[in-house]
Amino acid sequence: MPAEPPQTDDEIKRAVVDRLRAVQIPGGDPISEQLVEDVTVESGVVTFVVNFKRLDQSMADRITDQLQGAGLATPGVEHARVAAVDAAAPETGLPVTGVESIIAIGSAKGGVGKSTVTVALAKALDAAGLEVAVFDANVHAPDAPDLLGAEGPVRSTPSGSPIPVDADGIEVMSVELIAEDGPVAWRGAMVHDVVTDLLGNADWTDRDVLLLDLPPGIGEAVTTLVQQAPIDGSLLVSTPTDEGVRASERTGALLDSYGVPVIGAVANMVATDEADVASPYEGDGRSLAAEIESVEVLEDALEPIPFDPALRELQTCTFDEPSTPGETAVASITETLEAFLADAAGPEAPADAVDLRGLPPAASQRQALSEFGVTGDAPVSMLVRGEPREFVDVIEGTLERDDRSLARTTIDDLGREGWLVEFEPAADSSTPSTSEPTA
């Protein structure tokens, strides 16, 4: 007797995966060659998540056709989609997947407590309910893992992406976690490569915010990150000294030159009557932000962080109910960061939008056209990268040649998320009409 056709989503998924193993490509099949990183099935729709980074244009088109063919040939599958593993990554020189926003913490001067401030803010944001990650970009003197209690070694996904270390719910990545044999004399291109690999290729898991702990100075690692990473905003850290302010001005100027907003300047280790231990610095840090030209105008200056011994033991600090002057100051700065992140988030794409970001152009167009056969007369929402007008022109032209038409096409700018294009089919309309893109 013939085998019973698959019924549940899990059974259909297993049948699809079995069929994929019969697809022949150079080296084996899409599963064994780890080109397909995930397969999901829901309500008769199978979605293949593909690593297109490893494929040239010809192979990408061939794999896309084979996957869709294998999916549709499986009993129980009504529609097949292909998505890219890095679909959500912004179009920058160093795309970062799995992270909603990135905030850089910087200073051209060493010894100002930048890593301490980064980790303290990470813990405070975590206490506020956000999913947080920390990337320690200081390849020469990485401190963040020790401050967070993170221990290596870093492991990898089947496709070779480094997996961040979990430190009590905060994901951490640092060269310290991979250099098991002690300090490494990273130089020039090596710095660029290690920073790019650990940040851009890391398997971050749905983080609301990643705090980027920049190394001191404005050298190779800092310039690479500021120039190429999708940084949403930054904080400058300084001691309340003229030297610290000048160093912050240099870092602020670099950030500003690449269009990275400077949210504020944090005066660290300031003198206060409340501290049990006297600060080595005399300034109170109140006028620090006003002295740095690149800092955005804030309604309220960031709270200075006093010289507080409690911040030396960050793993025991509590920021949801701060009890020391240092914890209270960090909690106050966290509120400013949360407000900035809420403003930077921008509009969200609808949950049912078909994600075409990261697909090769031909595959993107074929996938878009296939969606009209699924929804009938209902609108079709799609997420795209690049120039949306060119994409829309191709889709509209193809539909016209097929004697299909659209009542309306709208294009909305979602910022870092890309473009949201909504096609509204119209059975009785022969001429598509398109609205102007909206911000």
Side-chain angles (χ1 to χ4, degrees), residues 9 12-13 16 19-20 36 38-50 52 57 60-85 87-88 347-414 417-438:
D9 287 346
I12 295 173
K13 176 179 177 178
V16 169
R19 193 173 291 273
L20 287 185
V36 177
D38 193 19
V39 178
T40 61
V41 177
E42 184 176 358
S43 302
V45 178
V46 59
T47 302
F48 304 101
V49 181
V50 182
F52 285 104
Q57 183 68 56
D61 290 340
R62 174 184 167 187
I63 290 294
T64 299
D65 289 342
Q66 289 177 315
L67 293 178
Q68 291 178 324
L72 293 172
T74 305
V77 173
E78 299 175 4
H79 183 53
R81 288 180 178 143
V82 176
V85 292
E348 293 186 3
D352 61 350
V354 179
D355 199 341
L356 305 179
R357 298 171 299 178
L359 293 181
S364 174
Q365 294 159 13
R366 287 197 299 271
Q367 184 67 63
L369 291 167
S370 73
E371 297 298 330
F372 291 98
V374 179
T375 60
D377 294 335
V380 182
S381 298
M382 303 180 190
L383 280 170
V384 300
R385 291 282 188 203
E387 174 47 59
R389 184 66 262 176
E390 295 178 3
F391 169 78
V392 168
D393 287 344
V394 170
I395 300 303
E396 289 181 342
T398 304
L399 290 175
E400 285 182 337
R401 288 193 298 271
D402 293 343
D403 293 326
R404 288 185 283 177
S405 59
L406 298 168
R408 184 177 177 83
T409 301
T410 58
I411 304 174
D412 292 307
D413 186 359
L414 300 185
E417 298 297 314
W419 297 89
L420 176 66
V421 179
E422 183 174 79
F423 297 99
E424 184 178 340
D428 58 349
S429 175
S430 59
T431 304
S433 64
T434 304
S435 70
E436 293 297 319
T438 57

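Note that the structure is a prediction, hence the values are computed from the model and not measured.
Under 4.0 Å is where a charged nitrogen must lie from a carboxylate oxygen, and between Glu396 and Arg389 at least one such pair does.
Here Glu422 pairs with Pro379, Ser381, Thr410 under the side-chain contact (heavy atoms from CB on, under 4.5 Å) rule; sequence neighbours left out. With sequence neighbours left out, the salt bridge (Lys or Arg N to Asp or Glu O under 4.0 Å) criterion links Asp9 to no other residue.
A pairwise comparison of heavy atoms in Pro361 and Gln57 identifies CD-OE1, 4.0 Å as the closest pair. For Phe48 against Leu67, the heavy-atom pair with the smallest separation is CE1-O, 3.2 Å. Minimum heavy-atom separation, Val46 to Gly71: CG1-CA, 4.2 Å. Heavy-atom minimum distance, Asp413 versus Gly418: OD1-O, 3.8 Å. Heavy atoms only, all atoms of each residue included: Ala353 and Leu383 are closest at CB-CG, 4.2 Å. Here the shortest heavy-atom pairing between Phe372 and Pro425 reads CD2-CG, 4.1 Å.
With values rounded to the nearest 0.5 angstrom, Lys13 atom NZ is found 5.5 Å from Asp38 atom CG. We find the CE-OG1 distance between Met382 and Thr409 to be 9.5 Å, quoted to the nearest 0.5 Å. Taking OG of Ser43 as the reference point, atom CD of Glu78 lies at 8.5 Å (rounded to 0.5 Å). To the nearest 0.5 Å, the span separating CG on Leu399 from CG on Leu369 amounts to 5.5 Å. With rounding to the nearest 0.5 angstrom, the CD atom of Gln365 is 10.5 Å from the CG atom of Leu359.
Using a 4.5 Å cut-off on side-chain heavy atoms (C-beta onward), Pro350 and Leu420 make contact. Side-chain contact check for Phe52 versus Val85: every heavy-atom pair is 4.5 Å or farther apart. Within the 4.5 Å cutoff, the side chain of Val392 has heavy atoms near those of the Val421 side chain.
When atom types are taken as modelled, the side chain of Trp419 and the backbone of Glu387 share no donor-acceptor pair closer than 3.5 angstrom. Asp402 places no side-chain N or O within donor-acceptor distance of the main-chain N or O of Arg404, the cut-off being under 3.5 Å. A donor-acceptor pair is defined here as one N or O able to donate and one able to accept, closer than 3.5 Å; such a pair exists between the side chain of Thr64 and the backbone of Ala60.
Just one residue in the list His79, Arg366, Gln367 forms a side chain to side chain donor-acceptor pair (under 3.5 Å) with Gln68, and that residue is Gln367.
Side-chain contact of Thr47 with Arg81: a donor-acceptor pair under 3.5 Å is absent, judged by distance alone.
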Given Val39 and Leu20, is the side-chain contact (heavy atoms from CB on, under 4.5 Å) satisfied, shown in steps?
-> CA-CA 10 Å; Val39 178; Leu20 287 185; 4.3 Å; yes
Under the side-chain contact (heavy atoms from CB on, under 4.5 Å) rule, what do Gln66 and Ile63 come out as? Steps first, then yes or no, please.
-> CA-CA 5 Å; Gln66 289 177 315; Ile63 290 294; 3.7 Å; yes
